[in-house]
Amino acid sequence: VDENQSFRFSQWEEDPDVASAVAAIRSLLEFLKRDQSETILGLRENMTKAIQRLEETDSSVAVSSGGELFLRFISLTSLEHPDLSQCKNVMIERGELFLKKISLSRGKVGKLCHTFIKDGAKILTHSSSRVVLKVLENAAADNKRFTVYVTESQPDSAGKLMAQKLHNLNIPVTVVLDAAVGYIMEKVDLVIVGAEGVVESGGVINKIGTYQMAVCSKAHNKPFYVVAESFKFVRLYPLNQQDVPDRFKYKADILKTVKDLNQEHPMIDYTPPSLITLLFTDLGVLTPSAVSDELIKLYL
Amino acid sequence: MGERLTTSTLLVTEEDEKKHEIIRAKGEGKELTKEEKQRLRKEKKQHKKNKKDDRGPPEKEKEKEKASVPAPSKPATQSPAHKAAPVPVNASASESPVAAEKPAKSKAELRAERRARQDSERASKQGKKEGGQQSTSSKPKATPNELQPVVKRLPDHVQVDDPVALKKLAKKLERQQKSGQGCSLNITGVKVPLRSDYGYKVSLFSHLHQYSRKNPPTQQISIPVTVIHPSIVRLGLQYSQGIIAGSNARSVALLHAFKQVIQDYSTPPNEELSRDLVNKLSPYISFLSQCRPLSASMGNAIKYIKKEISNIPSQCKEEEAKRILQECIDSYINEKIILASEAISKYAIEKISDGDVILVYGCSSLVNHILCEAFEKQRKFRVIVVDSRPRLEGREALRRLVKKGIRCTYVLISALSYILPEVSKVFLGAHALLANGYVMSRVGTSQIALVAKAYNVPVLVCCETYKFCERVQTDSFVSNELDDPDDLIVTRNGKTHLENWQTVKSLGLLNLVYDVTPPDFVDLVITDLGMIPCTSVPVVLRVKNVDQ
């Protein structure tokens with residue numbers, strides 16, 4: 001399991017453009033290949049342990065959802081082939097297929113969404129999302145002219161990173177303060193954000209500050225779009241901000257070391273489905289109520 | 001008159017010409033043009049209408065034939081009287097005599113022949129079928145034949161202000177007694193009683209029944225009761241007097257009564273159990289719906305039983321079949337009600353955190369079960385029970401929760417906005433979940449959901465999947481239940497102000513039982529399949545239908 005972790009870190013170093021869930025699934029696949037267990041039950045147990053270790057290192061929603069999807073994928077296979085070695089080969093084959101499919105999902109989302117960006121549009125986005133970057137890349141390649149406002153997104157200033165990437169694509173970009181979202185909202189035409197996780201109700205979990213932006217855009221009647229790949233769908237159902245589990249809100253190392261979590265700043269927040277206009281996923285363009293439909297199809 | 005004849009003959013000859021054209025075109029191998037095809041189709045339709053008219057009122061046709069000039073107004077006035085049927089049928093009936101005018105001359109002989117044949121057939125069928133059924137069976141046959149949009153028939157219990165519908169219902173109840181006659185001994189069966197409405201009904205709800213509890217439906221039944229099984233009579237009385245209340249309790253009681261019925265049932269000599277038992281159950285169901293309108297959960301249970309009965313293989317022995325049915329009913333109760341409530345409690349307990357203040361309304365067996373389970377799992381919370389007149393069901397819930405040792409507060413619904421700032425979650429039960437995501441529950445539920453939304457308090461509805469129904473409703477008026485208006489009368493300090501409410505002409509007492517909550521006010525629905533948003537109810541219905 002330890003070499004699995006080291007493998008994962010190396011993955012990330014090689015290709016920072018890969019989504020964390022994809023990296024997690026890739027390492028789980030490697031783990032599967034190297035696994036030595038004799039029975040299917042043992043295999044499942046080892047996989048669950050591996051996923052737990054992964055979550056300990058990086059406690060994001062995406063890793064959790066990716067792990068769960070992979071596990072589900074495996075359990076379905078084991079039902080069809082009772083023989084272990086045959087089962088394992090089929091699993092590895094399917095795992096590779098799954099991995100290939102989800103690596104392409106970002107491209108699919110980009111293709112779907114860029115048509116919603118009209119010529120001359122002013123777009124507001126939050127923090128740094130690779131999917132949003134891909135969407136804007138596609139729109140720019142389509143010879144559309146638009147300007148982008150990015151929030152700084154403290155405490156890690158991820159917004160500045162995003163601004164740099166957009167600058168490299170020759171898209172005019174301005175960095176605004178997190179507190180200036182209400183001020184800038186009247187100027188923009190639409191808001192596009194990424195997501196770390198999409199929950200059963202159709203709401204999203206994303207970098208802290210997303211909820212504020214959603215409330216502001218609702219007050220100004222601007223469309224609020226979320227772009228996310230389908231492996232980010234997770235079986236959570238938060239009722240409000242307090243209901244989101246602590247293991248997602250704070251970074252893994254903080255969870256282990258700090259005693260009183262009330263003193264810590266959460267890294268994510270929950271945006272309820274009533275504030276979201278549309279979700280762009282590789283399964284298509286969905287309204288928030290259709291997310292539950294897709295989840296039922298995936299999990300039931 | 002003469003002109004009329006000539007125009008009709010002209011038309012007839014025109015028609016014939018066109019027909020010859022078409023036949024020629026077909027013969028030549030040319031494809032028929034669109035108009036010709038349409039004309040052919042129209043002709044076929046008229047043909048069918050004529051045939052149907054033949055079978056329906058034979059005397060009317062004969063009259064028309066004899067009077068060589070058909071008066072379109074006469075059949076039109078006769079047809080509404082003969083068929084008290086929805087409008088499309090009337091329209092077609094008045095249309096078809098006019099259409100019949102044209103080919104009447106040339107096809108009279110054919111029709112006479114056909115009618116003679118049908119008369120002989122009908123005479124042979126008369127021995128088996130009864131007169132009453134003939135008219136109703138022709139009606140459903142008429143509607144599919146029409147290519148116009150079919151008017152979907154409303155259920156009887158929401159058509160109380162329509163005298164025609166009432167007459168139909170009375171006839172149907174009479175008929176059920178007669179069909180019982182055919183199966184059992186030939187004693188004059190007792191009529192399934194038709195309850196009469198009581199008191200002045202508020203005009204907005206005049207299409208619903210309003211019965212008085214002091215007039216139980218069993219007063220008109222004499223002993224011994226040959227048509228209705230005694231356990232069903234007892235059940236009906238328990239429903240109408242309010243002794244068994246709450247949708248889970250009613251469904252379970254219904255299923256137990258049906259188990260008893262199946263146990264005491266014996267197949268008559270020339271009948272098959274799978275078909276006869278279903279027919280036997282129909283008068284019971286009518287009786288129960290006269291006592292108190294059926295709930296959605298009961299409707300689904302009845303559908304399930306009927307399906308199971310009709311799936312019994314014909315070569316199965318009676319004892320074996322009865323055992324199978326008893327097992328089916330037991331497993332239904334176990335799976336859909338008992339195990340479902342276990343599953344729902346498990347999901348719901350995840351949503352209850354320490355320090356919560358939970359608001360509940362009325363007495364829902366499921367919500368009480370959830371709270372008791374959560375308390376056993378050492379969750380620290382307190383409960384606020386909201387109650388309302390005239391049923392005051394909250395007192396029962398309060399009793400159950402306090403017995404467990406849970407800290408409770410009791411308020412009436414008028415104090416709702418006062419206590420809501422203290423509340424962290426609202427748990428509501430449901431009577432049924434409709435296909436468009438609306439929640440049908442005890443009256444007052446939508447008010448609680450509305451005020452909770454205004455205070456940003458999450459509202460959770462707990463409902464088993466067997467209560468999901470395919471109906472769609474957007475308001476509480478269309479389909480509801482009116483309880484006894486005398487329940488609203490209360491005596492305070494020795495004075496009963498509403499005692500003589502019937503004498504005041506402008507006064508109406510309204511005692512509604514259910515109301516409908518839109519899905520925007522509900523944050524989460526907890527079912528045995530998991531936690532779903534309110535808008536996903538049709539998805540669950542679809543998945544369930546695929547399973548079955």
Side-chain angles (χ1 to χ4, degrees), chain A residues 64-65 68-69 72 197-205 211-212 214-215 218-219 226 233-249 260-262 266 269-279 283-284 286-300, chain B residues 343-344 346-359 423-428 435-438 449 452-462 465 468 518-547:
Chain A
S64 152
S65 70
E68 207 184 313
L69 266 173
R72 183 170 174 77
V198 178
V199 293
E200 273 190 80
S201 58
V204 290
I205 295 183
Y211 180 46
Q212 258 157 237
V215 174
K218 183 81 176 194
V226 173
F233 283 20
V234 66
R235 295 219 76 183
L236 271 180
Y237 204 127
L239 295 170
N240 47 26
Q241 305 298 336
Q242 308 306 320
D243 219 11
V244 180
D246 280 340
R247 66 179 200 273
F248 297 139
K249 278 201 252 195
D260 184 13
L261 283 172
N262 280 333
D269 63 19
Y270 165 67
T271 308
S274 49
L275 301 171
I276 301 174
T277 324
L278 285 176
L279 281 122
L283 300 167
L286 308 171
T287 55
S289 36
V291 169
S292 169
D293 196 348
E294 293 295 326
L295 268 171
I296 290 180
K297 274 198 267 188
L298 270 174
Y299 278 100
L300 267 177
Chain B
I344 293 177
K346 231 188 277 187
Y347 288 121
I349 287 173
E350 287 171 30
K351 288 296 172 199
I352 301 179
S353 29
D354 286 342
D356 259 347
V357 178
I358 299 179
L359 187 135
V423 174
S424 62
K425 289 192 180 77
V426 176
F427 271 78
L428 298 171
N436 57 349
Y438 279 65
K453 185 77 178 180
Y455 280 90
N456 247 334
V457 175
V459 174
L460 289 81
V461 170
C462 309
T465 47
F468 284 21
D520 328 323
F521 297 153
V522 177
D523 290 296
L524 174 62
V525 176
I526 310 182
T527 68
D528 37 318
L529 290 175
M531 297 191 268
I532 57 172
C534 224
T535 45
S536 286
V537 168
V539 179
V540 172
L541 279 171
R542 195 198 333 143
V543 166
K544 263 202 323 175
N545 286 341
V546 164
D547 280 344

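Values below: every heavy atom of this structure, side chains too, minus hydrogens, waters and symmetry copies. As the structure is a prediction and not an experimental result, all values here were calculated from the model. A, B, ... follow the sequence lines: proteins, then strands. Residue 1 opens every chain.
- Between B:Arg542 and A:Asp293 a salt bridge is recorded (basic side-chain N to carboxylate O distance below 4.0 Å).
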For a quick test of your reading: what N or O donor-acceptor pairs under 3.5 Å do the side chains of residues 453-460 of chain B make, sequence neighbours left out?
| from | atom 1 | to | atom 2 | distance (Å) |
| --- | --- | --- | --- | --- |
| B:Lys453 | NZ | B:Asp520 | O | 3.4 |
| B:Tyr455 | OH | B:Ser417 | O | 3.3 |

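- With a 4.5 Å cut-off on non-hydrogen atoms, A:Pro272 does not touch chain B at all.
- Listed here is the closest heavy atom pair of A:Glu200 and B:Met531: OE1-O, 2.9 Å.
- Distance NZ/B:Lys425 to CG/A:Leu239: 6.0 Å, rounded to 0.5 Å.
- Residues A:Ser201 and B:Pro533 approach most closely at CA-CG, 4.4 Å, considering heavy atoms.
- Here the shortest heavy-atom pairing between A:Tyr237 and B:Asp523 reads OH-O, 2.8 Å.
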